[in-house]
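What you are looking at is a predicted structure, and each value in this text was computed from that prediction instead of being measured.
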Amino acid sequence: MKLSVVIVSYNVKYYLEQCLLSLQRALSTIDSEVIVVDNHSKDGSCEYLREKFSDVQFIASRHNLGFARANNLAIKKCKGKYVLLLNPDTVVGEDTLIHAVDFMDKHADAGAVGVGMLHVDGTVAMESRRGIPSPMTAFYKMIGLCNRFPRSKRFGKYYMSYLPWDKPCEIEIVSGAFCLLRKEALDKVGLLDEDFFMYGEDIDLSYRILKGGYHNYYIPEQILHYKGESTEKSSFRYVHVFYGAMFIFFKKHFSAMNLLFSIPIKLAIYVKAFWATISMLSQNLNRSLGFVSSKKVPSDTLEEFLVCDTQNMEYREILKQLANSDHKRPIAFLYKDKKMVITPSDVIFDDL
């Protein structure tokens with residue numbers, strides 16, 4: 001078998017449905033399998049999707065295993081030469097996987113391959129490719145030098161923003177939202193580190209792949225990544241897990257760094273986590289007091305969205321249109337056969 005696609009899902013059944021629909025087209029000419037691990041969702045994801053996608057293997061966990069452990073559970077069952085880790089809140093084009101697999105076939109040194117991810121407004125997600133967050137690289141990012149000097153190979157290394165977007169190039173860290181892996185490389189360096197419950201496991205794996213003698217690449221293919229639909233960011237738990245992952249990575253790979261140097265790095269992480277928590281509390285308080293209202297998409301109008309009809313357009317055309325848009329309107333997918341419209345913030349059912 002050529003390719004195994006692994007998706008870990010949690011309470012995003014409509015976004016996962018959209019992802020699986022795009023995969024049906026993308027995998028039509030590839031000898032492949034799709035394995036979905038449901039991390040104990042409360043929205044009836046498995047029951048809803050099993051009958052719609054009979055060729056997909058669903059694993060329903062009785063507990064939330066976390067991202068790394070759930071992926072490992074599926075990877076152990078994979079039969080493909082390549083393994084794609086894919087987020088459920090993504091949409092791929094018809095030829096995205098064909099080109100990615102072809103690149104792997106032609107580059108035997110490639111341990112992992114990533115692509116360009118688009119936000120819902122069509123802007124490019126900087127985290128599509130990153131550098132190893134060494135203490136200095138992380139420090140430059142935290143104090144703002146990364147954003148201030150994006151073209152600098154020293155200060156801009158966190159996002160490797162000095163590299164071109166329209167050409168294949170070597171990178172250091174491949175995002176776990178779309179991470180095409182050589183199974184042989186996984187067998188050599190090991191699976192995802194389950195010490196990372198969520199966040200950081202892709203950084204750790206990419207780093208280990210490099211240390212294992214392979215190279216990581218970016219290729220100029222594009223996917224949509226809603227980013228955030230598969231995670232809950234307005235919680236203390238998010239802050240704890242996200243910044244805790246940074247500590248785990250530093251402790252694992254940079255434990256020998258000078259103590260005097262490690263103190264300001266750890267302090268910066270604590271300060272960042274503190275301000276993230278304060279900001280989150282402030283937003284939640286304003287919302288609860290009615291100062292900020294949650295925007296509800298009206299079912300009778302979609303004028304504020306870039307609406308794309310999936311029955312009359314290919315996903316690659318939709319992604320191209322999104323990338324070339326004015327970036328002022330988020331995308332909405334229209335599925336007439338399902339009487340459904342999927343937007344970044346809501347799922348609308350209508351007579352259409």
Side-chain angles (χ1 to χ4, degrees), residues 1-8 19 23 26-37 56-57 59 67-88 90 92-93 95-117 127-133 160 163 167-196 200-223 225 249 252-253:
M1 183 174 288
K2 196 72 170 181
L3 176 64
S4 298
V5 181
V6 173
I7 302 173
V8 174
C19 177
L23 280 175
L27 296 172
S28 61
T29 61
I30 302 176
D31 182 20
S32 60
E33 63 180 351
V34 179
I35 304 174
V36 173
V37 180
V56 174
Q57 302 177 50
I59 302 174
F67 187 77
R69 188 177 174 190
N71 270 298
N72 288 345
L73 180 65
I75 292 173
K76 292 173 183 177
K77 298 178 179 294
C78 289
K79 303 174 183 176
K81 178 180 180 181
Y82 305 120
V83 176
L84 172 64
L85 306 185
L86 185 67
N87 268 29
T90 57
V92 300
D95 47 11
T96 300
L97 300 184
I98 294 174
H99 292 164
V101 168
D102 182 62
F103 185 91
M104 291 288 264
D105 284 341
K106 293 178 179 177
H107 295 76
D109 65 322
V113 166
V115 298
M117 299 183 293
E127 62 272 14
S128 299
R129 48 195 200 181
R130 287 169 289 175
I132 297 168
M160 305 192 83
L163 294 175
K167 298 177 182 178
C169 49
E170 284 194 43
I171 58 175
E172 293 178 343
I173 305 301
V174 177
S175 171
F178 181 107
C179 184
L180 181 60
L181 298 156
R182 189 177 300 275
K183 186 61 162 57
E184 172 190 292
L186 280 174
D187 293 338
K188 180 177 180 180
V189 307
L191 302 181
L192 279 70
D193 188 339
E194 296 181 8
D195 284 344
F196 297 90
E201 69 290 314
D202 51 351
I203 298 174
D204 173 74
L205 179 59
S206 295
Y207 191 25
R208 286 189 285 121
I209 287 174
L210 293 177
K211 294 169 79 172
Y214 295 91
H215 295 267
N216 296 329
Y217 289 92
Y218 157 83
I219 60 173
E221 295 291 323
Q222 293 179 327
I223 69 168
H225 183 205
F249 182 80
K252 180 175 181 179
H253 296 287

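Contact detail for Val174 and Ala112: the closest heavy-atom pair is CG2-CB, 4.0 Å. Nearest heavy-atom pair, Lys2 versus Val101, reported as atom, atom and distance to 0.1 Å: CE-CG1, 3.6 Å. Met104 and Ala110 make their closest contact through SD-CB, 3.7 Å (heavy atoms, listed as atom of the first residue, atom of the second, distance). Between Asp202 and Gly176, the shortest heavy-atom contact is OD2-N, 2.9 Å. Taking all atoms of both residues into account, the shortest heavy-atom contact from Val92 to Ala26 is CG2-CB, 3.8 Å.
With a 4.5 Å cut-off on side-chain heavy atoms, Ser32 and Ser4 do not count as touching. You'll find the side chain of Ile7 reaches within 4.5 Å of the side chain of Leu23, heavy atoms only. Within the 4.5 Å cutoff, side-chain heavy atoms of Leu180 are placed close to those of Leu3. At least one side-chain heavy atom of Leu192 sits under 4.5 Å from a side-chain heavy atom of Leu85.
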Compile the donor-acceptor pairs under 3.5 Å between side chains in residues 77-84 and protein atoms, sequence neighbours left out, one pair per line.
unit_1, atom_1, unit_2, atom_2, d
Tyr82, OH, Asp105, OD1, 2.6

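Not a single side-chain hydrogen bond (donor to acceptor under 3.5 Å, both in side chains) links Arg129 to another residue, sequence neighbours left out. Residues forming a ring-ring contact (aromatic ring centres under 6.0 Å, His included) with Tyr214 (at least two apart in sequence, or on another chain): none. Evaluation of the side chain to side chain contact (heavy atoms under 4.5 Å, CB included) rule for Thr90 yields Cys19, Leu86, Asn87, Ile223, His225 as partners, not counting sequence neighbours. In this view, Ile98 and Thr29, Ile30 satisfy the side chain to side chain contact (heavy atoms under 4.5 Å, CB included) rule, not counting sequence neighbours. Not counting sequence neighbours, the partners of Glu127 by the side chain to side chain contact (heavy atoms under 4.5 Å, CB included) test are Met117, His119, Ala125, Arg130, Tyr159, Lys227. For Tyr218, the side-chain hydrogen bond (donor to acceptor under 3.5 Å, both in side chains) test picks out no residue, with sequence neighbours left out. Taking the ring-ring contact (aromatic ring centres under 6.0 Å, His included) definition, one finds that His99 meets it with nothing, sequence neighbours left out. Every residue two or more places apart in sequence or in another chain that forms a side chain to side chain contact (heavy atoms under 4.5 Å, CB included) with Val56 is listed here: Leu20, Val34, Val36, Phe53, Phe58.
Considering CD of Glu221 and CG of Asp95, their distance stands at 6.0 Å, rounded to 0.5 Å. Between atom CD1 of residue Ile75 and atom CD1 of residue Ile35 there is a gap of 9.5 Å, rounded to the nearest 0.5 Å. Note that CD1 of Ile203 is 9.0 Å distant from OG of Ser175, once rounded to the nearest 0.5 Å. The structure places CD1 of Ile209 at 12.0 Å from NE2 of His215, a figure rounded to the nearest 0.5 Å.
Under the 3.5 Å distance criterion, the side-chain polar atoms of Asn72 are left unmatched by any main-chain donor or acceptor of Glu194.
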Give the intermediate values and the outcome of side-chain contact (heavy atoms from CB on, under 4.5 Å) for residues Leu191 and Lys76.
CA-CA 9 Å; Leu191 302 181; Lys76 292 173 183 177; 3.8 Å; yes
Given side-chain contact (heavy atoms from CB on, under 4.5 Å), test Leu73 with Arg69 step by step and report yes or no.
CA-CA 6 Å; Leu73 180 65; Arg69 188 177 174 190; 6.0 Å; no
Does Leu186 form a side-chain contact (heavy atoms from CB on, under 4.5 Å) with Leu205? I'd like the steps, not just the answer.
CA-CA 9 Å; Leu186 280 174; Leu205 179 59; 4.0 Å; yes
Report the C-alpha distance between Leu210 and Asn216 in whole Å, list the side-chain angles of each, state the deciding distance to 0.1 Å, and finish with yes or no for side-chain contact (heavy atoms from CB on, under 4.5 Å).
CA-CA 7 Å; Leu210 293 177; Asn216 296 329; 3.5 Å; yes
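For residues 174-190, every residue pair satisfying the salt bridge (charged side-chain N to carboxylate O under 4.0 Å, His left out) rule, not counting sequence neighbours, is listed here: Lys183-Asp187. Residue pairs that meet the salt bridge (charged side-chain N to carboxylate O under 4.0 Å, His left out) test with at least one member in residues 106-115, sequence neighbours left out, are Asp102-Lys106. Among residues at least two apart or in separate chains, salt bridge (charged side-chain N to carboxylate O under 4.0 Å, His left out) pairs with a member in residues 172-181 are Lys157-Glu172.
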